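If you're wondering where the values come from, they're calculated on a predicted model, not measured in any experiment. Lettering follows sequence order; numbering is per chain, from 1.
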Amino acid sequence: MRQLDKIQVSEEHKQKLYEQVITKKARETKPLLVLKVAMSLMLIVVMGGIFFLQSPQKDNGLILSAVAMETEESLILNLNSENKVVSVEVVSDRESSLNQVVNVDGMHVQQAILAILDLPAYQESMQGSILEVSVYSDDQNIEKELTSQINDVVYSRMQKEDCHIQQVNKAVFEQAKQHHMGVNKYMKIQSIVEVDDTYTLEELKQCSQDELDRIEKECGKNGNGHRRGCE
Amino acid sequence: MATEQELHNAINKYANEVRKICFIHCKSEADVDDIFQNVFIKYFERKENFESEAHEKAWIIRVTMNACHDIFRTWFYRKAVLTDDFNQFNIEVTNEDGQLIETVRKLKPNLRNAIYLFYYEEYSIKEISSILNANERTVSTWLVRGRKELKKMIGGDYLEENATT
């Protein structure tokens, strides 16, 4: 059977065979690889989703709550899940110097409020007016706790008749910001416009808090149709 | 799994071996190509290392023979006519050796394997029993029967009988 020695495979045929095996193997492996990648991505998305849903508060950069401190100017403290200040916004229809002097980023809300109340520039802006504090949070439990913390810190420094604390919803916060107004001022204007439709938001925007209080009182006395406006 | 370099080396080293076994078993060149691919894909996918070169060669032979048997089991293949195109394999059929090879191809698969491994590859009965996963006595029986069949078909004693005793 020595003639079987003559049976040889050419180098060209060997190379072709090698390429065929590699190609066939790659073709078999590719769908498997795609499937593995797809499964991994799905797993990451699902795990990520679960993680996000279970612990949204873990992200300290995420704004979850906000506190507006309002006199004639409104200062909004945006807070994360730990009630620490992420950013500060000054909402005012006139030029404000508070932007430059308020630096409370990273502080706990109680520390931040104390620091702001101690600022001479803020004390000056507060003169003769009541401090209106509005609180909202995406998380109802946090909102209660936050309101309680703010009550503690504000009333430790101020008399009850000099300040007022309230919980509001996110929509009111957003709408007030859109109109470049403090939350409390916006709510007062809304309440006046609801009672007396001869007033417009743009018109009342020019009024001070005291003037709005007066108009609100008049509207309450005289009912719909009463019209005096701010002086 | 073997590396691409190991696959390349294995093809260089064993391609002739695989082709010889294919020639003994297959009825067409197309089958040879299929078996070639199947054998070397299995080699490429194999996870365990070989103990030695002899172990590697024995594995290649066994896998090739099994691949040939798998093709042989199909109805279509059993009905196909054995190719007599010896030119492509450079086998001279006019002499005794060529006639012997041609006749071995006509034996039943087990007899064919035993004759090929014993007389051409010069494996011992023990080694053949390991490669074909069969009892040593069974391998001896296949060799005796194979030789008898060849004698009946060709009419002479081309293979040494005492080799199996």
A.B. asks: What I'd like to find out is whether the side chain of B/Tyr120 reaches to under 4.5 Å of the side chain of A/Asp5, using heavy atoms alone.
C.D. replies: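 Yes, at least one pair of side-chain atoms sits under 4.5 Å.
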
A.B. asks: Under a 4.5 Å cut-off applied to non-hydrogen side-chain atoms, are A/Leu4 and B/Tyr116 in contact?
C.D. replies: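 Heavy-atom side-chain distance check passes, below 4.5 Å.
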
A.B. asks: In Å, rounded to the nearest 0.5 Å, how long is the span from NZ of A/Lys14 to CZ of B/Phe36?
C.D. replies: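 Spacing of NZ (A/Lys14) from CZ (B/Phe36) equals 9.0 Å.
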
A.B. asks: May I ask you to check whether over 12 heavy atoms, not counting those of B/Asn133, lie within 6.0 Å of atom CG?
C.D. replies: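 Not more than 12 within 6.0 Å, no.
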
A.B. asks: Does the side chain of B/Arg19 reach to within under 4.5 Å of the side chain of A/Gln8, using non-hydrogen atoms?
C.D. replies: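 No; the side chains remain at least 4.5 Å from each other.
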
A.B. asks: Once ring-ring contact (aromatic ring centres under 6.0 Å, His included) is applied, do any residues pair with A/Tyr186, and if so which ones, sequence neighbours excluded?
C.D. replies: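 Listed in chain order: A/His179.
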
A.B. asks: Can you tell me which residue pairs pass the ring-ring contact (aromatic ring centres under 6.0 Å, His included) test with a partner in residues 104-126 of chain A, sequence neighbours excluded?
C.D. replies: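 Counting only pairs at least two positions apart or across chains, no ring-ring contact (aromatic ring centres under 6.0 Å, His included) contact touches residues 104-126 of chain A.
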
A.B. asks: I'd like to check A/Ile22 versus B/Leu7 (side-chain heavy atoms, cut-off strictly below 4.5 Å). Are they in contact?
C.D. replies: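 When only atoms from C-beta onward are counted, B/Leu7 and A/Ile22 do touch, with a gap below 4.5 Å.
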
A.B. asks: Taking everything shown except A/Glu124 itself, do over 12 heavy atoms lie less than 6.0 Å from its CD?
C.D. replies: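 Open.
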
A.B. asks: Heavy-atom pairs under 4.5 Å with chain A are the metric here; pick the option from B/Asn12, B/Asn16, B/Asp33 that has the most.
C.D. replies: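 The option with the most such pairs is B/Asn16.
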
A.B. asks: Are any of the side-chain heavy atoms of A/Gln15 and B/His8 separated by less than 4.5 Å?
C.D. replies: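 Answer yes - side chains close enough.
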
A.B. asks: Does a side-chain heavy-atom distance below 4.5 Å link B/Glu4 with A/Tyr18?
C.D. replies: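 Heavy-atom side-chain distance check passes, below 4.5 Å.
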
A.B. asks: Look at atom NZ of A/Lys144 and say whether more than 12 heavy atoms of other residues, nucleotides or ligands are closer to it than 6.0 Å.
C.D. replies: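 Result for NZ/A/Lys144: open.
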
A.B. asks: Hey, what do you get for CD1 (A/Ile7) to CZ (B/Phe23), rounding to the nearest 0.5 Å?
C.D. replies: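 So the CD1 of A/Ile7 and the CZ of B/Phe23 are separated by 5.0 Å.
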
